J.: 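The following block contains the structure, expressed as structure tokens.
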Amino acid sequence: MAQASLAQRIPRLPRGVRLRHDRVRRRWVLLAPERIFEIDDIGAEILRRCDGATQVDQLVHQLAEAFEANSEDVRIDVEQFLKDFADKRVIDL
């Protein structure tokens, strides 16, 4: 998947996949059919923005502003995060 094409993609959680805060574990979890992934706070911020309307470029810009971080550093991390979860079929790109 080329970088330019990923920037314009609109990530979303597929049907049956949900982001929830697990009160017992005091952690964010991504629930998928027969699987659960523990997510850190930054991962949860990324996943909350995977709403099916926000492009990856917009998501990166929002996160860079929210965390006062370099947008290129954020882009690298976000794209890797999304690719990893897309490979696991818990994010649609």
Side-chain angles (χ1 to χ4, degrees):
M1 190 175 323
Q3 180 178 356
S5 66
L6 184 59
Q8 300 306 312
R9 293 192 184 238
I10 300 173
R12 69 175 187 81
L13 299 179
R15 194 166 93 185
V17 177
R18 296 182 321 263
L19 178 65
R20 295 284 182 254
H21 191 264
D22 184 328
R23 290 183 190 137
V24 174
R25 292 185 178 101
R26 296 183 192 170
R27 296 203 43 113
W28 287 98
V29 293
L30 187 63
L31 303 172
E34 300 182 21
R35 296 181 289 171
I36 185 170
F37 301 92
E38 287 191 7
I39 306 294
D40 65 15
D41 290 339
I42 294 175
E45 286 296 323
I46 294 169
L47 291 170
R48 276 193 215 104
R49 290 170 169 81
C50 294
D51 57 7
T54 305
Q55 291 181 340
V56 172
D57 264 353
Q58 295 167 314
L59 191 151
V60 167
H61 179 72
Q62 291 170 2
L63 289 168
E65 279 189 356
F67 291 99
E68 299 178 359
N70 178 289
S71 61
E72 282 309 308
D73 292 338
V74 172
R75 177 178 308 287
I76 291 166
D77 292 342
V78 166
E79 288 182 356
Q80 187 61 52
F81 181 89
L82 293 174
K83 286 177 188 176
D84 288 347
F85 278 100
D87 289 347
K88 294 173 180 150
R89 300 181 184 255
V90 292
I91 287 186
D92 288 338
L93 291 173

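Nothing here was measured: the structure is a model prediction, and the numbers come from that model.
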J.: Output all residues satisfying side-chain contact (heavy atoms from CB on, under 4.5 Å) with Asp73, sequence neighbours left out; order by chain, then residue number.
T.: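 By the side-chain contact (heavy atoms from CB on, under 4.5 Å) rule, Asp73 matches Asn70.
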J.: With a 4.5 Å heavy-atom cut-off, do Lys83 and Ile91 have their side chains touching?
T.: no
J.: Hydrophobic cluster membership, with links at side-chain heavy-atom distances under 4.5 Å among I/L/V/M/F/W/Y: are Phe67 and Leu47 in one?
T.: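 As far as the 4.5 Å side-chain criterion goes, Leu47 and Phe67 are connected within one cluster.
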J.: Using the test side chain to side chain donor-acceptor pair (under 3.5 Å), find all partners of Arg48 that sit at least two apart in sequence or belong to another chain.
T.: Glu45
J.: Can you list everything that forms a ring pair (Phe, Tyr, Trp, His ring centres under 6.0 Å) with His61? Sequence neighbours excluded, please.
T.: none
J.: Out of curiosity, Phe81 CZ to Asp40 CG, how far, rounded to the nearest 0.5 Å?
T.: 7.0 Å
J.: Got a sec, which residues hit side-chain contact (heavy atoms from CB on, under 4.5 Å) with Asp51, two or more places apart in sequence or on another chain?
T.: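 Here the qualifying residues are Ala53, Thr54.
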J.: With Ile76, which residues qualify under side-chain contact (heavy atoms from CB on, under 4.5 Å), at least two apart?
T.: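 If we apply the side-chain contact (heavy atoms from CB on, under 4.5 Å) test to Ile76, skipping adjacent residues, there are no hits.
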J.: Ignoring hydrogens, what is the shortest heavy-atom contact between Cys50 and Leu82? Give both atom names and the distance.
T.: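 Smallest heavy-atom distance, with atoms named: SG-CD2, 3.8 Å.
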J.: To check you understand the geometry: which heavy-atom pair defines the closest contact between Gly16 and Pro33, and what is its length?
T.: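 Between these two residues, the closest heavy atoms are O-CD, 3.6 Å.
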J.: If I compare all heavy atoms of Gln55 with all of Ile10, which pair ends up nearest, and what's the gap?
T.: CG-CG1, 3.7 Å
J.: Going by the salt bridge (charged side-chain N to carboxylate O under 4.0 Å, His left out) test, which pairs reach into residues 84-93, not counting sequence neighbours?
T.: Arg12-Asp92
J.: When rounded to the nearest 0.5 angstrom, what is the spacing between CG in Leu93 and CD in Glu79?
T.: 10.0 Å
J.: How far apart are the closest heavy atoms of Val60 and Val74, and which atoms are they?
T.: O-CG1, 3.8 Å
J.: Considering non-hydrogen atoms only, spot the tightest contact between Val17 and Val90 and give its length.
T.: CG1-O, 3.6 Å
J.: Measure the NE2-CD1 distance between His21 and Ile39 for me, rounded to the nearest 0.5 Å.
T.: 12.0 Å
J.: With sequence neighbours excluded, tell me which residues meet ring pair (Phe, Tyr, Trp, His ring centres under 6.0 Å) with Phe37.
T.: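 Expected list: Phe85.
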J.: The criterion is salt bridge (Lys or Arg N to Asp or Glu O under 4.0 Å); which residues satisfy it with Asp77, sequence neighbours excluded?
T.: none
J.: Quick one: side chains of residues 24-31, donor-acceptor pairs under 3.5 Å with protein atoms, not counting sequence neighbours, listed by atom name and distance.
T.:
{"unit_1": "Arg25", "atom_1": "NH1", "unit_2": "Asp22", "atom_2": "OD2", "d": "2.7"}
{"unit_1": "Arg27", "atom_1": "NE", "unit_2": "Glu38", "atom_2": "OE1", "d": "3.3"}

J.: Would you say the side-chain atoms of Arg49 pair up with the backbone N or O of Leu59, donor to acceptor, closer than 3.5 Å?
T.: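 No; zero donor-acceptor contacts below 3.5 Å.
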